[in-house]
Peer 1: 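My questions will all concern the structure given below.
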Amino acid sequence: MSVRVRFAPSPTGHLHIGGARTALFNWLYARHTGGQFVLRIEDTDEERNTPEAINVILEGLRWLGLDWDEGPANNDPADGSKGDHGPYFQSQRGEIYARHVEVLKEKGLAYEHEGAVRFRMQREATTIPDLVCGDVVRELTDREQEQPDFVIVRSDGKPVFHLVNVIDDLEMGITHVIRGEDHLSNTSKHIALFRALGAEPPAFAHIPLILNSDGSKMSKRDDGASLDGWQQTHCVPEAVVNYLSLLGWSPKDDSQVMPVAELIERFDLPQINRANARFDVEKMQWMNYEHLRNLPMPRYRQLALKAGVEFGDAAEDYIEAALATCQNKVKQISDLPDYCRFYFTDIFEYDEAMAAKAFAPENKDGFAKLREIFANLESFGPEPMETALKALAEQLDVKIRALVMPARCACTGVKIGPSLYDLMAVLGRDRVLARLDRALARMDESNETGEA
RNA sequence: GACCCCUUCGUCUAGUGGUUAGGACACCGGCCUUUCACGCCGGCGACACGGGUUCGAGUCCCGUAGGGGUCGCCA
């Protein structure tokens, strides 16, 4: 029997990082086993249920690369879907629920009470076979001792979560329910419902929760808790997937940075942990950097654009060469615009603290000589420049810094940046010489006004 | 109040009776180096506590404490 799993979010207006991880585990399991990943929208709460809220979920999953085999085509419940187990919006499934409730009533397994319909729940403990937690014997709580039966249809006619969840899983042929551990206790209800409906329950796998760094429950306002925060900062989605996969699951060796294909290959239920995990923003950012620096240039360029880098009228080759010198240096894409600005404009101020030192009078003669050497260099590549600069430093008996810092300041205006030789090679001889001359002029000025 | 799950460095984790308790993030040194970063080397740092079982326990059992979850005409 082929594996069928599902992710069944309710449109609340944001996709929680815990929900994203649940979706991911389901998706990974489907892809690993060659099964089907079903997306079902639990939009029974009409209040906060909007096309926008549904879109947040769809866009979040698409961004992560979690494609669904069956589910909504888009955020409009009336607009079709893919798969033949639909509709995939609970708001469209009222008749299905009503039909099953009738059957339960006919069988005497449900009954009316004060306008609502109650399910006749068993009075004994339930053994929940769980792929992560093992067999869990769930005793009745004190309240359940008093009243084990629970409402499945409210007096206003709306079916409740437990009922619709079970009916949908049954109707959609779900074989494995992989969900947060917060549902473990409820599973006794679900098992009873499956049996009452004449079906054997699917396999359950309750995965640990994701908590804040202080161990408290993660809510949407907490740092990193909402997926769109990571989307908005132009994180690499594969990095989020990779980081999330390591929260509550382990490949059991020292692997950390893995492409999605490897995750699919290695993911399985037995390696899922039982203990809750805390979300660590710093490790997430590290993971993002690891993926960022390995991105193919076209995607890196795309991300740069989204992050607000202004390329001006620069040529394609120039843009890519420039970005290539930044890619393994910049940890967050949001830092890139400032980092690479000097490549795309000639108009920039010098960092005065740096300029004061770099353009000091004692550096002037050497710097002027460097300019002449660069002007006459046969090839304007990184290696020839490095060789020439170092030779000059030796000849003048000055530290390499004494030449490098003025050159860096002249070319970029700032202390931090790509490798100097690489950056000059990308800039090209004309631009470099112009910038060197601008710096030289400034050194003249300060000599006249300064120590005179 | 009842019920359920969990407990190894600050964090994520490896570890299924015998290990100098391993790795990763973070942090601190050093090397490399034109800056920053990468990389490499090194350091700091953990089996919640108490009882058992056993020749031997992070690993098995019981208890305690702590954390999380659930008990709704919310999902």
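Residue numbering restarts at 1 for every chain, and letters A, B, ... go by the order of the sequence lines.
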Peer 1: Side chain of W286(A) only, please: which of C5(B), C73(B), C25(B) is the nearest?
Peer 2: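 Minimum distance to the W286(A) side chain belongs to C25(B).
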Peer 1: Nearest to the side chain of D254(A), heavy atoms from C-beta on, is which of G39(B), G23(B), U70(B)?
Peer 2: G23(B)
Peer 1: Under 3.5 Å, is there an N or O donor on one side and an acceptor on the other linking the side chain of D142(A) and the base of G1(B)?
Peer 2: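 Under the 3.5 Å cut-off, the side chain and the base do form a donor-acceptor pair.
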Peer 1: Return no unless some side-chain N or O of R278(A) is found under 4.0 Å from OP1 or OP2 of U7(B).
Peer 2: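 R278(A) to U7(B) OP1/OP2: no side-chain N or O under 4.0 Å.
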Peer 1: Flag the pair K331(A) and E290(A) as a salt bridge only when some basic side-chain nitrogen lies within less than 4.0 angstrom of an acidic carboxylate oxygen.
Peer 2: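 Salt bridge: no.
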Peer 1: Specify the separation, in whole Å, of atom CD of E139(A) and atom C1' of C5(B).
Peer 2: 15 Å
Peer 1: Report the glycosidic orientation of C55(B): syn if within 90° of 0, anti in every other case.
Peer 2: anti
Peer 1: Distance between the P atoms of U20(B) and A57(B), in whole angstroms?
Peer 2: 15 Å
Peer 1: Would you say T44(A) places a side-chain N or O within less than 4.0 Å of OP1 or OP2 belonging to A75(B)?
Peer 2: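 Yes, T44(A) has a side-chain N/O under 4.0 Å of OP1/OP2 on A75(B).
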Peer 1: Do any side-chain nitrogens or oxygens of K252(A) fall under 4.0 Å of OP1 or OP2 in G15(B)?
Peer 2: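 Yes, because at least one side-chain N or O of K252(A) sits under 4.0 Å from OP1 or OP2 of G15(B).
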Peer 1: Say you pick atom P in C38(B) and the same atom in C28(B); how far apart are they, in whole Å?
Peer 2: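 Rounded to whole Å, the distance is 12 Å.
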Peer 1: How far, in whole Å, is C36(B) from G42(B) if one measures between their C1' atoms?
Peer 2: 23 Å
Peer 1: Select base, sugar-phosphate, or nothing to describe what I128(A) touches, counting heavy atoms under 4.0 Å on all strands.
Peer 2: nothing
Peer 1: Any carboxylate oxygen within less than 4.0 angstrom of a Lys/Arg side-chain nitrogen, looking at R123(A) and D149(A)?
Peer 2: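 Salt bridge between R123(A) and D149(A), a charged N being under 4.0 Å from a carboxylate O: yes.
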Peer 1: With no angle test and no hydrogens, is the base of U13(B) tied to the side chain of K283(A) by a donor-acceptor pair under 3.5 Å?
Peer 2: no
Peer 1: Could you tell me whether the side chain of S419(A) has a donor or acceptor atom within less than 3.5 Å of a complementary atom in the base of U34(B)?
Peer 2: yes
Peer 1: Is a donor-acceptor pair below 3.5 Å formed from side chain R408(A) to base U34(B), judging by atom type as modelled?
Peer 2: yes
Peer 1: Which residue in the set L292(A), N288(A), L227(A) passes side-chain contact (heavy atoms from CB on, under 4.5 Å) when paired with C235(A)?
Peer 2: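 Going through L292(A), N288(A), L227(A) one by one, the side-chain contact (heavy atoms from CB on, under 4.5 Å) with C235(A) is satisfied by N288(A) alone.
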Peer 1: Quote, to the nearest angstrom, the C1' distance that separates G1(B) from C60(B).
Peer 2: 33 Å
Peer 1: Which nucleotide in the list U11(B), U34(B), A24(B) gets nearest to the side chain of L420(A)?
Peer 2: U34(B)
Peer 1: Just the rounded figure in Å: distance from P of C4(B) to CD of E181(A).
Peer 2: 13 Å
Peer 1: Let's see if you can work this out: which of A37(B), U35(B), C4(B) has an atom nearest to the side-chain heavy atoms of R401(A)?
Peer 2: U35(B)
Peer 1: Give a yes/no verdict on a cation-pi contact between K364(A) and F359(A), requiring under 6.0 Å between NZ or CZ and the six-membered ring centre and an angle within 45° of the axis.
Peer 2: no
Peer 1: Determine, for E171(A) against R99(A), whether the closest basic-nitrogen to carboxylate-oxygen distance falls under 4.0 angstrom.
Peer 2: yes
Peer 1: So if I take every side-chain heavy atom of R154(A) and compare against C73(B), A24(B), G68(B), which nucleotide ends up nearest?
Peer 2: C73(B)
Peer 1: If you check every side-chain atom of Y339(A), which of U34(B), C71(B), C36(B) has the closest atom?
Peer 2: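 Of the candidates, C36(B) comes closest.
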Peer 1: Are K331(A) and C38(B) close enough that a side-chain N or O sits under 4.0 Å from OP1 or OP2?
Peer 2: yes
Peer 1: Would you say the side chain of S185(A) and the base of C71(B) hold a donor-acceptor pair, judged only by whether the two atoms sit under 3.5 Å apart?
Peer 2: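 For S185(A), whose side chain was compared with the base of C71(B), there is no donor-acceptor pair (under 3.5 Å).
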Peer 1: Side-chain N or O of S213(A) versus OP1/OP2 of U11(B): is the shortest distance under 4.0 Å?
Peer 2: no
Peer 1: Which nucleotide sits closest to the side chain of N186(A): G68(B), U13(B), A75(B)?
Peer 2: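 Nearest nucleotide to the side chain: A75(B).
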Peer 1: Please determine, for U33(B), whether a Watson-Crick or G-U wobble partner exists with both distances under 3.5 Å, and give it or none.
Peer 2: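 Checking every strand shown, U33(B) finds no partner, since no pair has both distances under 3.5 Å.
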Peer 1: With respect to the phosphate group of A14(B), does any side-chain polar atom (N or O) of N273(A) fall under 4.0 Å of OP1 or OP2?
Peer 2: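 Yes, such a contact exists.
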Peer 1: Let me know which of L66(A), L61(A), I178(A) forms a side-chain contact (heavy atoms from CB on, under 4.5 Å) with F7(A).
Peer 2: L61(A)
Peer 1: What about the rings of H190(A) and H162(A), do their centers lie closer together than 6.0 Å?
Peer 2: yes
Peer 1: Return the nearest nucleotide to the side chain of V160(A); candidates are C25(B), A75(B), U7(B).
Peer 2: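 Output: A75(B).
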Peer 1: Say you pick atom C1' in U7(B) and the same atom in G18(B); how far apart are they, in whole Å?
Peer 2: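 Here U7(B) and G18(B) have their C1' atoms 24 Å from each other.
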Peer 1: Could you give the CG-to-P distance, from N276(A) to G69(B), as a whole number of Å?
Peer 2: 8 Å
Peer 1: I'd like the P distance from C4(B) over to C62(B), given in whole Å.
Peer 2: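 One P to the other, the span is 13 Å.
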Peer 1: How far, in whole Å, is U8(B) from C49(B) if one measures between their P atoms?
Peer 2: 11 Å
Peer 1: Can a side chain N or O of K329(A) be found less than 4.0 Å away from OP1 or OP2 on C36(B)?
Peer 2: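 Checking K329(A) against C36(B): no side-chain N or O falls below 4.0 Å of OP1 or OP2.
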